[in-house]
Peer 1: 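Can you read through this structure? Questions will come right after.
Because only heavy atoms are used, hydrogens play no part in the values below, and waters and symmetry mates are left out as well, while side chains stay in. Residue numbers start from 1 in every chain, and the chains themselves are labelled A, B, ... in the order their sequence lines are given, proteins ahead of strands.
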There are 2 protein chains.
Amino acid sequence: MAFTYEFPRAALTVDCVIFGLDEACLKALLIKRGIDPFRGRWALPGGFVHVDETVDDAARRELREETGLQRVFLEQLYTFGDLNRDPRERVVTVAYFALVNLHDHRLKAASDAENAAWFDAADLPRLAFDHESIIQIALARLKGKVRYCPIGFELLPRKFTLSQLQRLYETILERPLDKRNFRKKVLQLDMLEELDEVETDVAHRAARLYRFNEAKYAKSTKQGFNFEI
Amino acid sequence: MAFTYEFPRAALTVDCVIFGLDEACLKALLIKRGIDPFRGRWALPGGFVHVDETVDDAARRELREETGLQRVFLEQLYTFGDLNRDPRERVVTVAYFALVNLHDHRLKAASDAENAAWFDAADLPRLAFDHESIIQIALARLKGKVRYCPIGFELLPRKFTLSQLQRLYETILERPLDKRNFRKKVLQLDMLEELDEVETDVAHRAARLYRFNEAKYAKSTKQGFNFEI
DNA sequence: TCAAAAGTGTTGAGCGTACACCCATGC
DNA sequence: GCATGGGTGTACGCTCAACACTTTTGA
């Protein structure tokens, strides 16, 4: 079976930049390519957009097929349409970025463990195609967006301590934050729910757990409020 | 001549949302469609991406061919990849948004004047395809971005008065700004060059003209400065 | 001389920032 | 009892917001 068009068409793909947060560093999930071109190089998970699925669905499908990740934060990043991105033929790719919580989402068996691995986002191996620049743009987007949107929580477990949250911002923004000011700020934003629980299994005083509360956040922002760290 | 592929491929297009600023309202440039589907409806200028041009180049080319506009601010907006955007077949479009200065850039003869017109962005006619939602997203992006990036100047003549600049922000942000505070703020951002000229042909005291100075802006921002209105 | 818009300072409130010590817990 | 991080308050400076009158010009 073959498909014929009057004019040549670019192939359309999706690629996903997947960020996770380790104790103290930001990680990106990469796949080792099993085929040419760039066989053996690390690359972003991704693949061709089927003609009968939306581009968003293609991104979610590739994410699931190549890494086993489902129901994670996923948002369109940018479309890369230069001419020689792929040595084989003209390929335009719509890049997405995903945020996952490394604790809840262990990589599933679906992804051949040999071929998927987390890398320190600040110390990446050589990548296939233009994936290096796609990741850089995703990093810039994350840094910018985390300051005015409550997306950082996607990188943490559902229940977290304020110290974890602070480390998250310090890691992403690459600068230290003052503990007292940070706590004052996030609590006054009135979007966290204080739980009657504390963390367990720590060798020091256990910290109180909090949970992001969508409804509270919506209410605060509706009152003309601006999330801003 | 025909082009054959193993799997069916979506067609790839670009569409441009073009904003201009009239005395007191934000305008969008639309094209009246001469062919089906949606013949006779207004639509965003755009067209197919050629296989031998980048997506950015395609956007610039379509802008030039359909409206005569060249050398204007143009930036990628978002990629729309839903299934039934176009009744003929699967079409994915990369949308761009452009900012033009209505005074310097009169529509050229290149664009059949009958078929291109500026509409009040707040009062658009029925549009073809999903172009209405593309414009809404472009508006949101403009509103957001104008507050932390000096892109508003693209909508004004090269030399402008502070009142024109203030009207620009008031129009885009849809709220009144205090004159003294506004002037204090933009001058202290140290990105405007005060000229030894005043506006002409006004029936009242002539206002001083200013010009956006890229170098000053770069210098100010490098000093850890943040543009923010 | 009138109309229309240009241009100009001050004050109070709230927010961001800087900063240091005691507390609870597990080992 | 000691090491480790959890948790808390205050003071200062700066930025933002509110606010009204005089000046210049052309008609």
Side-chain angles (χ1 to χ4, degrees), chain A residues 21-24 146-148 156-157 159-171 173-211 220-221 223-229, chain B residues 21-24 146-148 156-157 159-171 173-211 220-221 223-229:
Chain A
L21 194 73
D22 206 345
E23 304 319 316
V146 84
R147 289 187 53 204
Y148 63 92
L156 292 180
K159 301 173 179 181
F160 50 84
T161 68
L162 293 183
S163 293
Q164 283 178 295
L165 189 62
Q166 182 176 343
R167 263 196 301 280
L168 181 157
Y169 281 98
E170 290 178 330
T171 304
L173 300 177
E174 297 180 284
R175 65 186 162 93
L177 299 171
D178 179 82
K179 183 160 63 155
R180 281 166 294 189
N181 294 338
F182 179 81
R183 296 163 98 90
K184 208 187 313 169
K185 185 67 197 252
V186 299
L187 291 178
Q188 127 197 342
L189 286 174
D190 195 32
M191 58 181 183
L192 295 186
E193 194 178 332
E194 182 175 319
L195 302 177
D196 284 328
E197 291 177 69
V198 293
E199 60 182 344
T200 51
D201 303 318
V202 286
H204 51 79
R205 175 174 174 183
R208 179 175 294 278
L209 292 172
Y210 291 81
R211 186 201 291 161
S220 308
T221 48
Q223 286 161 17
F225 205 15
N226 264 335
F227 182 90
E228 183 115 5
I229 297 290
Chain B
L21 195 72
D22 206 345
E23 305 318 317
V146 84
R147 289 187 52 202
Y148 64 93
L156 293 179
K159 300 173 180 181
F160 50 85
T161 68
L162 293 184
S163 293
Q164 283 178 294
L165 188 62
Q166 181 176 343
R167 262 196 302 280
L168 181 157
Y169 280 98
E170 289 179 328
T171 303
L173 301 177
E174 297 181 284
R175 64 186 163 93
L177 299 171
D178 178 84
K179 183 159 64 156
R180 279 167 295 189
N181 293 338
F182 179 81
R183 296 162 97 92
K184 209 187 311 170
K185 186 66 196 258
V186 299
L187 291 178
Q188 128 197 342
L189 286 174
D190 196 33
M191 59 182 183
L192 296 187
E193 194 178 333
E194 180 176 321
L195 302 176
D196 284 328
E197 290 176 69
V198 292
E199 58 182 344
T200 52
D201 302 318
V202 286
H204 52 79
R205 174 171 175 185
R208 179 176 293 278
L209 291 171
Y210 290 81
R211 187 200 293 160
S220 309
T221 48
Q223 286 161 15
F225 205 13
N226 263 336
F227 182 90
E228 183 113 5
I229 296 291

Peer 1: Considering non-hydrogen atoms only, spot the tightest contact between K159(A) and E197(A) and give its length.
Peer 2: NZ-OE2, 2.8 Å
Peer 1: Would E194(B) and L209(B) satisfy side chain to side chain contact (heavy atoms under 4.5 Å, CB included), going step by step from the backbone distance to the final call?
Peer 2: CA-CA 7 Å; E194(B) 180 176 321; L209(B) 291 171; over 6 Å; no
Peer 1: If you look at every heavy atom in S220(B) and D190(B), which pair is closest and at what distance?
Peer 2: OG-O, 3.0 Å
Peer 1: My understanding is that only residues two or more places apart in sequence, or in another chain, count here; which of them pass side chain to side chain donor-acceptor pair (under 3.5 Å) with E23(B)?
Peer 2: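 By the side chain to side chain donor-acceptor pair (under 3.5 Å) rule, E23(B) matches no residue at all.
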Peer 1: Taking the minimum atom-to-atom distance to the side chain of H204(B), which one of dA24(C), dG7(C), dA6(C) wins?
Peer 2: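 Nucleotide nearest to H204(B)'s side chain: dA6(C).
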Peer 1: What range of DNA chain D does chain B touch, first nucleotide to last, counting atoms under 4.0 Å from its heavy atoms?
Peer 2: dC16(D) to dG26(D)
Peer 1: Please report the interatomic distance NZ(K184(B)) to CG(D178(B)), rounded to the nearest 0.5 Å.
Peer 2: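 Here the interatomic distance stands at 7.5 Å.
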Peer 1: How many Å lie between CD on Q166(B) and C1' on dG7(C), as a whole number?
Peer 2: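 My rounded result for the distance is 12 Å.
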Peer 1: In terms of the nearest nucleotide of DNA chain C, which residue is placed more toward the 5' end: R167(B) or A206(A)?
Peer 2: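 Its nearest nucleotide lies further toward 5', so the answer is R167(B).
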Peer 1: In whole angstrom, what separates R205(A)'s CZ from dC27(C)'s P?
Peer 2: 17 Å
Peer 1: Rounded to whole Å, please give me the gap between NZ in K179(A) and P in dC22(C).
Peer 2: 14 Å
Peer 1: Report yes or no: does T161(A) contribute a side-chain atom to a donor-acceptor pair with the main-chain N or O of A207(A) at less than 3.5 Å?
Peer 2: no
Peer 1: Which pairs pass ring pair (Phe, Tyr, Trp, His ring centres under 6.0 Å) with one or both residues in residues 191-210 of chain A, sequence neighbours excluded?
Peer 2: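 Every pair satisfying ring pair (Phe, Tyr, Trp, His ring centres under 6.0 Å) with a residue in residues 191-210 of chain A: there are none.
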Peer 1: Mind listing the closest non-hydrogen atom pair of L195(A) and R208(A) along with its distance?
Peer 2: O-NH1, 2.7 Å
Peer 1: Within the 4.0 Å heavy-atom criterion, would you say R183(B) contacts the bases, only the backbone, or no part of the nucleic acid?
Peer 2: base
Peer 1: Please identify each residue that fulfils side chain to side chain donor-acceptor pair (under 3.5 Å) with E199(B), with sequence neighbours left out.
Peer 2: none
Peer 1: Nearest 0.5 Å, what's the CD-CG distance between E170(B) and L165(B)?
Peer 2: 10.0 Å
Peer 1: Near DNA chain D, under 4.0 Å by heavy atom, which residues of residues 191-202 of chain B?
Peer 2: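 Output list: V202(B).
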Peer 1: All N/O contacts under 3.5 Å from nucleotides 12-18 of chain C to the protein, with atom names and distances to one decimal?
Peer 2:
unit_1	atom_1	unit_2	atom_2	d
dG16(C)	OP1	K185(A)	NZ	3.0
dT17(C)	O4	K184(A)	NZ	3.2
dA18(C)	N7	N181(A)	ND2	2.9
dA18(C)	N6	N181(A)	OD1	3.0

Peer 1: Taking atom P of dA6(C) as reference, at what distance in whole Å does atom OH of Y210(B) sit?
Peer 2: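 Going from OH in Y210(B) over to P in dA6(C) covers 12 Å.
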Peer 1: Taking R211(A)'s backbone N and O only, do any of them form a donor-acceptor pair with E193(A)'s side chain (distance below 3.5 Å, no angle check)?
Peer 2: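 Flag not set: sc E193(A) to bb R211(A) has no pair under 3.5 Å.
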Peer 1: When we call it a touch if two heavy atoms are under 4.0 Å apart, what does S163(B) touch: a base, just sugar-phosphate, or nothing?
Peer 2: sugar-phosphate
